[in-house]
Number of protein chains: 2
Amino acid sequence: MTNDGAAGRPITGSGHVPTPLSTRRLGRDQILREAVRFIDANGREQLTMRRLGAELGVEAMALYRYVHGREQLLDGVVEYVMNELYEATMTGKVAESWQEYLQAMAHGVRALAIGHPRIFPLVATRPPAAPWLRPPLRSLRWVEEFLEGLARHGFTGHQSVVVYRAFSTFLLGHLLLEASTQGGEVAPVEDDVEFFETNDLSAYPRLLELSPELSKDAYDNEFEDSLEDLINRMGVLRS
Amino acid sequence: MTNDGAAGRPITGSGHVPTPLSTRRLGRDQILREAVRFIDANGREQLTMRRLGAELGVEAMALYRYVHGREQLLDGVVEYVMNELYEATMTGKVAESWQEYLQAMAHGVRALAIGHPRIFPLVATRPPAAPWLRPPLRSLRWVEEFLEGLARHGFTGHQSVVVYRAFSTFLLGHLLLEASTQGGEVAPVEDDVEFFETNDLSAYPRLLELSPELSKDAYDNEFEDSLEDLINRMGVLRS
DNA sequence: ACCTGAACACCGTTCAAGT
DNA sequence: ACCTGAACACCGTTCAAGT
């Protein structure tokens, strides 16, 4: 598709491999970047070794030189967006209070979930590298830095673990929900239409009564309010 | 595999179709039950139309008479376990207080997650029928009854919606985490070994220091403690 | 060194054909 | 009415072969 024409490829002189212009040499980073882009655009069901190859102007088999297989490719995709998260959350200026710190971390992860709604379920559900590396915080480097930050703000080791656990659970619940309704496999409108066609809500009076309120998008408030609750709860640890 | 021999099948008399004994006639329910059993045993990656057919002593194509395709089959699996949940939580004796009620509901869903750890991710991540039918509570009938129960215990419609939202988020975060470490695609021991072989934790001093505490299984306490917090928070609504 | 062609063992799904 | 055989358009992955 984005193949820039083997026929008209400019040959750049001297004997050796004529590195195609613009299309940089294939490599793990380029592959992962393209995979992320592809999933963002088409959903993870559509991602196929063969299609990803085609998108990069190469046969599927060429990818195996850089990733061990499809599963490892998906792990690589998770790794890729976690690196984005690291850049976004860990390289800015330091927070003044631990409350601000947790706020910044939470909003950073949320931005990832909203920015890549079709990738976030992978971050949330791929089998983790270590059993205690809890989704959606799936990067050793990120978690190390997170614990480090907590320590800087006066948390003991034990307290940090409690915070890490509560924090990851909180993010998983809120963001997986938000991402999966956003990056919906089905367009929301079509969804509703199909739904009311095939389901007779009249058998469910309570749902019928509350469905207007249930349909209201309240993710922003839910997130902010529960985050504040979480932070308050964590404050109790320190007293 | 469970095919009981077309060769030795007993013909039961009069002209019409000789319903095979023990192997009941193929039907949607039997297919879904087998699919659930199969995923519990082998994981959802292994579930294939062809293999499921074989397990039922039939070619894959025969399944299409009862389920529209693989996606619908997975939806059916979710439906199946949600019906189990309904039986488990909604047909017992009624709770005396709303706190007891929420406790019972929460523990019911947790029992589902622990009882079917390899199916729970489906319940948690399949695109929902309606955008406001929030995972992991993926049954109109169940949610209707849940809201009904809240009303019985004196919650207004608006309050019920708030409770439903907080409750679903809570369950999603806690149980998806617990289920995915339990129904692990990789055995936990093998996991740890592989992990320490391929990752040099010495670059992460904080993780190294805290890894013993991080490895501790604390799901029981985490669940009970946060559930209590959640219930307390919901209590504030009513004041 | 890096990519490809051909091949293998699988998929989901359809449809005409068998009983 | 219910199941199957054959076929189609795909997969992931391997490996010897090309340049």
Side-chain angles (χ1 to χ4, degrees), chain A residues 1-7 9 11-21 23-31 34-35 38-39 42-77 126 185, chain B residues 1-7 9 11-12 14-21 23-32 34-35 38-39 42-77 126 185:
Chain A
M1 293 235 163
T2 352
N3 191 344
D4 45 9
R9 179 184 292 163
I11 307 288
T12 44
S14 60
H16 275 252
V17 234
T19 322
L21 308 177
T23 292
R24 240 163 219 73
R25 184 154 231 74
L26 201 56
R28 188 179 147 88
D29 270 9
Q30 191 196 164
I31 291 172
E34 180 59 26
F38 188 92
I39 297 179
N42 307 104
R44 62 193 179 291
E45 301 289 278
Q46 298 299 315
L47 184 69
T48 253
M49 296 301 276
R50 291 173 128 109
R51 277 208 270 259
L52 183 58
E55 216 73 13
L56 289 160
V58 111
E59 299 299 316
M61 312 82 187
L63 303 177
Y64 285 83
R65 198 155 279 275
Y66 304 97
V67 292
H68 287 138
R70 186 170 195 268
E71 291 304 294
Q72 316 257 4
L73 173 67
L74 293 177
D75 285 338
V77 165
R126 293 246 95 205
E185 321 288 89
Chain B
M1 291 236 162
T2 352
N3 190 344
D4 46 11
R9 180 185 292 162
I11 307 289
T12 45
S14 60
H16 276 256
V17 236
T19 322
L21 308 178
T23 293
R24 239 161 221 74
R25 182 153 233 74
L26 201 56
R28 188 178 146 86
D29 271 8
Q30 191 196 162
I31 290 172
L32 295 184
E34 180 60 24
F38 189 91
I39 297 179
N42 308 104
R44 62 195 179 290
E45 299 290 277
Q46 297 299 315
L47 183 70
T48 252
M49 297 302 275
R50 291 174 130 109
R51 277 207 271 258
L52 182 58
E55 215 74 12
L56 289 158
V58 111
E59 299 298 316
M61 312 84 188
L63 303 178
Y64 285 82
R65 196 155 281 275
Y66 305 97
V67 293
H68 287 137
R70 186 169 195 267
E71 291 304 293
Q72 316 256 4
L73 173 67
L74 293 177
D75 285 338
V77 165
R126 294 245 96 205
E185 320 289 85

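Only a predicted model underlies this, so the values are computations on that prediction, with no experimental measurement involved. Note on naming: letters A, B, ... go to the chains in the order of the sequence lines (proteins, then strands), and numbering restarts at 1 for each one.
- Applying the side chain to side chain contact (heavy atoms under 4.5 Å, CB included) rule to B:Leu32 yields the partners B:Arg28, B:Leu73, B:Tyr80; only residues at least two apart in sequence or on another chain are considered.
- The CG atom of B:Asp29 sits 13.0 Å away from atom CD of B:Glu34, with the distance rounded to the nearest 0.5 Å.
- Rounded to an integer number of Å, the gap from CG of B:Leu74 to C1' of C:dC11 is 14 Å.
- The two atoms that bring B:Val77 and B:Ala35 nearest to each other are CG2-CB, 3.7 Å, heavy atoms only.
- Note: CD (A:Gln46) to P (D:dG12) measures 12 Å, nearest angstrom.
- One can place CD of A:Glu45 at 15 Å from C1' of D:dC10, the figure rounded to the nearest angstrom.
- Atom pair B:Ile31:CD1 and D:dC2:P shows a separation of 12 Å (rounding to whole Å applied).
- Between B:Leu52 atom CG and C:dT13 atom C1' the separation is 15 Å, expressed in whole Å.
- Here the C1' atom of nucleotide C:dT4 and the CG atom of A:Leu26 are 13 Å apart, to the nearest Å.
- Under the salt bridge (charged side-chain N to carboxylate O under 4.0 Å, His left out) criterion, B:Glu71 pairs with B:Arg126, sequence neighbours left out.
- Looking at residues 63-72 of chain A, you'll see A:Arg65, A:Tyr66 sit with a heavy atom under 4.0 Å from some atom of DNA chain C.
- Pairs of residues two or more places apart, or lying in two chains, never qualify as side-chain hydrogen bond (donor to acceptor under 3.5 Å, both in side chains) while including a residue from residues 59-70 of chain B.
- By the salt bridge (charged side-chain N to carboxylate O under 4.0 Å, His left out) test, A:Arg50 is found to be paired with no residue, residues two or more places apart in sequence or in another chain being considered.
- Per the geometry, CE belonging to A:Met49 stands 13 Å off P belonging to C:dC3, to the nearest Å.
- Taking the side chain of B:Val58 as heavy atoms from C-beta on, and the options C:dT4, D:dT13, D:dC3, the nearest nucleotide is D:dC3.
- Rounding to whole angstrom units, CG of residue A:Leu47 and P of D:dC11 are separated by 11 Å.
- B:Leu63 contributes atom CG, which lies 5.0 Å from atom CD1 of B:Ile31 (distance to the nearest 0.5 angstrom).
- Scanning all heavy atoms of the two residues, the minimum distance from B:Met49 to B:Gly69 falls at CE-C, 4.2 Å.
- With sequence neighbours excluded, the residues that form a side chain to side chain contact (heavy atoms under 4.5 Å, CB included) with A:Asn42 are A:Phe38, A:Gln46.
- For D:dC10, the OP1/OP2 oxygens have no side-chain nitrogen or oxygen of A:Arg51 closer than 4.0 Å.
- At a threshold of 4.5 Å between non-hydrogen side-chain atoms, the residues B:Leu47 and B:Leu74 count as touching.
- Between B:Thr48 and C:dG12 there is a side-chain polar atom (N or O) within less than 4.0 angstrom of OP1 or OP2.
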Could you run down the sub-3.5 Å N/O contacts of the protein with nucleotides 6-8 of chain C?
none

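- Helical stems involving DNA chain C, defined as 3 or more consecutive Watson-Crick or G-U pairs under 3.5 Å, span C:4-8 with D:12-16, C:12-16 with D:4-8.
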